[in-house]
Structures are given as C-alpha cells and as structure tokens.
Amino acid sequence: MSASPTKLETLALHGGTPVRETLLPYGRQKLDEADILAVVEVLRSDWLTTGPKVGEFEERLAAKVGAKHAVSFSSGTAALHAAAFAAGLGPGDEAITTPLTFCATANCVLYQGAAPVFADVCADTLNLDPEQVSGKISSRTRALIAVDYAGHPAELEKLRALAAERGLVLIEDACHALGAEYRGKRVGGLADLTVFSFHPVKHLTTGEGGMVTTSDAKMAETLRRFRNHGISSEARQRQESGQWFYEMVLLGFNYRLTDFACALGISQLARLDANLLRRREIAARYARAFREVPAVMAPVVRNGVNPAWHLYPIRLQLESLTAGRGEIFRALRAEKLGVNVHYIPVHKHPYYRDRFGYKGGEYPVAEDAYERLISLPMFHGMTDRDVEDVIRAVSKVCEAYEK
Ligand SMILES: Cc1ncc(COP(=O)(O)O)c(C=O)c1O
C-alpha cells in the first residue's frame, strides 16, 4: 500500500495536477546555429574521420584543463579502456575503484583481463574513500580509478600520495567533471590519466565521444596508437607525406572520433565556461531552496573544490518520510520531473554478482546512499522557470510524505 499524502496539494501521482505539463529531463544537450554550421563545414571537406579538427579539438581541450596532451576517443568508455591499457593493466593485475559509478568505470579493467576491486565511498561526497582504498591495496594492485561523482572532484591529493607511495597509476574518471576545479586547478592535469565523456548529457557534447588527458608524452603516444589499431602513424600523415608504409606495434582498436564530431566539440568548448556558470547558478539556487525541505539532503561540497555539477543527486532522509525512494521517485515523475538514479552500485549488477560472488552488504556507505539517491534535472539549458518547477515539485512531494 502506498502512503497517502496528508496535506495541501494533491499529488499528480494521486490524480492532482502536475507541477509541469511537459517532462523536464534530468540532462539534455544544448546546440546552437554555430555548432551546426561547424559540423556542416566539415561534412563538405575532404576529411570526415581523423582530419585537422581532431588535433585542434585535442589541443584546445588540453589547454582548457591544463594538461600537456589530450587524445580523443569515440566514447568515454573507449577512453577509459585506453587509459586502462596505458596504465599497463593486464591479467593478474587489480585496479581499485568505487562501486558508486557507471559500470564502464569498472568494465574497462575487465576489458584488459584485470580485476576491479571496489572500495567504499566517503559518506559526504560519495567519492572513493582513500582510507578504504588503502586497505584494499595488494601486491597485484596496479592502478586506482577515482570518479569525480556528479562533478565533485575526488580526494585527489590523498589518492595521488597513495599512488606515489605504492607505485600505482592514478586514473581519474572525470566523465562528470569537465571544468571542475580542485584547489584552484582544473581537473585534467591532476591525475596520471584523466578521462572525459562528451555524451549529450555532459558539459559539452560531440554526440558520442571522449578524451584522455595526460602530461606524460609516452602515455599520450600509447593512447594515440591504441585508438588506431596500434598503428604508429595516421592515414592523413601518410597521405600528406606521400608514404604508404605503416607498422602495427601493439594490439589496438578503432576508437577514433570523427572530424565532424571534433568540429562540434571545438564549437561547444567555446561555451564551456558559460555552461559551467549556469550549472553553478542552478546548484546554488537548489541548495538555498532545499535548506527549507528537511527530507532532502543536498549534495555536499568540500572546501577547496568547485564542482562542475554534471548531476544534482539529492539524498532522501527516509527516516522523516512515510514512503520509500521508489514511491517518491514515481511521485516526482508524475509531477513531470525526469528524475533518475545514479547509480545502482556496480557490484549489485547481475554480471558482477555472478562473476565475483557479491552478495550485497560489502560496501555499506555506497549501498545506503543508493537507497536514498534521486538525481534532479541539472543541465545548462534549464530556464529559471524549469528550476523553480523542480523546487516546487520536490517541496510538494516531500511535504506530502512528511511524517
Ligand atoms: C562516470 C562515468 N564513466 C564513464 C562513462 C562512459 O562514458 P560514455 O557514455 O561517453 O561512453 C560515463 C557515462 O555517462 C560515466 O558517467
């Protein structure tokens, strides 16, 4: 039986009028005419795949995040796979990562024949807890993979110190965190390898796409080869220098990003700062409003950090509500908020349970958070009206289910 609302407005879930008429998604791209023209220009040119726009996008992105090198990929997942390869992960190795992430973060370790080992998260940020990581390091550990959950940078200083002390490679999955700042520096130049995604819900989009940044020239070369079948030169270089000869020097893949996708990336990158500003404004407005809603725990921001706000995951204070997350979620959906949940902890997926024997209860902080999490709409194209609708719907639903 679902609990009935006790007060005020009737919830849309129970036949009342929804806060909005149309569904507001949790994330959405924003393209303008300049983006479209940039793509069309490349469609009319000689190079649809690796052409001049690829290098230009990589250089601009590297400069933006303060890294020496950037290598583009066909998705964030492909970029993670390449990072796992460049980190030297192979059979018999382990990489320690967070369970509270998209499965691709851990899958990239499996792609390399290595084993992901999970460590629990910090209760405030829901980012990988360095104390927990420390307890999981073994002679097989080769890499740490931190995720900047929701766009809040991970505990990079402690993780870097651990990696340096134990001779490990630090990979930062910054798929949520393009433009986030940690102690005054943008993420992208702070780990050995940093991975970004350009999926449409991200801060800038190329449709599908990803990037790895690094300040290590040798790793950058490995990444370039890995995305191009392990071949040591590119077709365009060969055509321009009139040579046909090439060598395959390692086992790679075709993970190339097209030239028109990179043209879109360059055009979108010009608006990254404005997009971040808008997301930060929305986060500040939400934080102010949810101070008045006792059932909502807003995301925590640590000192010295400026998050990029890819997501806005609230946690429900279930102890003060008469319904669980499932019903609150359905009630918000009925009010026409396209809420979502990030994430089902990776070890709870059937594939991981079956393969590694997880029973649940191994990572209590991540598992408790999962029961409470709801991601509210957060994207730079939201209007002020959209933001106020979210606040109204969350307040309405939480009040209705208040104990
Ligand atoms: C934390 C994290 N890592 C990796 C990925 C994979 O990125 P992509 O969808 O570009 O393959 C995502 C995608 O949303 C993500 O959220």
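Note that ligands are numbered from 1 as they come in the structure, with each ligand's atoms numbered from 1 the same way.
- Among residues two or more places apart in sequence or in another chain, the side chain to side chain donor-acceptor pair (under 3.5 Å) test is passed with D148 by none.
- Every residue two or more places apart in sequence or in another chain that forms a side chain to side chain contact (heavy atoms under 4.5 Å, CB included) with K30 is listed here: H380.
- Geometrically, R325 engages Y370 in a cation-pi contact defined by less than 6.0 Å to the ring centre and at most 45° from the axis.
- Closer than 4.0 angstrom to ligand 1 by heavy atom are S75, G76, T77, L80, T101, F102, T105, D173, C175, H176, S197, K202, G209, Y343, sorted by chain and number.
- Residues satisfying the ring-ring contact (aromatic ring centres under 6.0 Å, His included) criterion with H152, sequence neighbours excluded, are absent altogether.
- No side-chain donor from either of R227 and N254 sits under 3.5 Å from a side-chain acceptor of the other.
- Rounding to the nearest 0.5 angstrom, the gap separating the CG atom in L11 from the CD1 atom in I328 is 8.5 Å.
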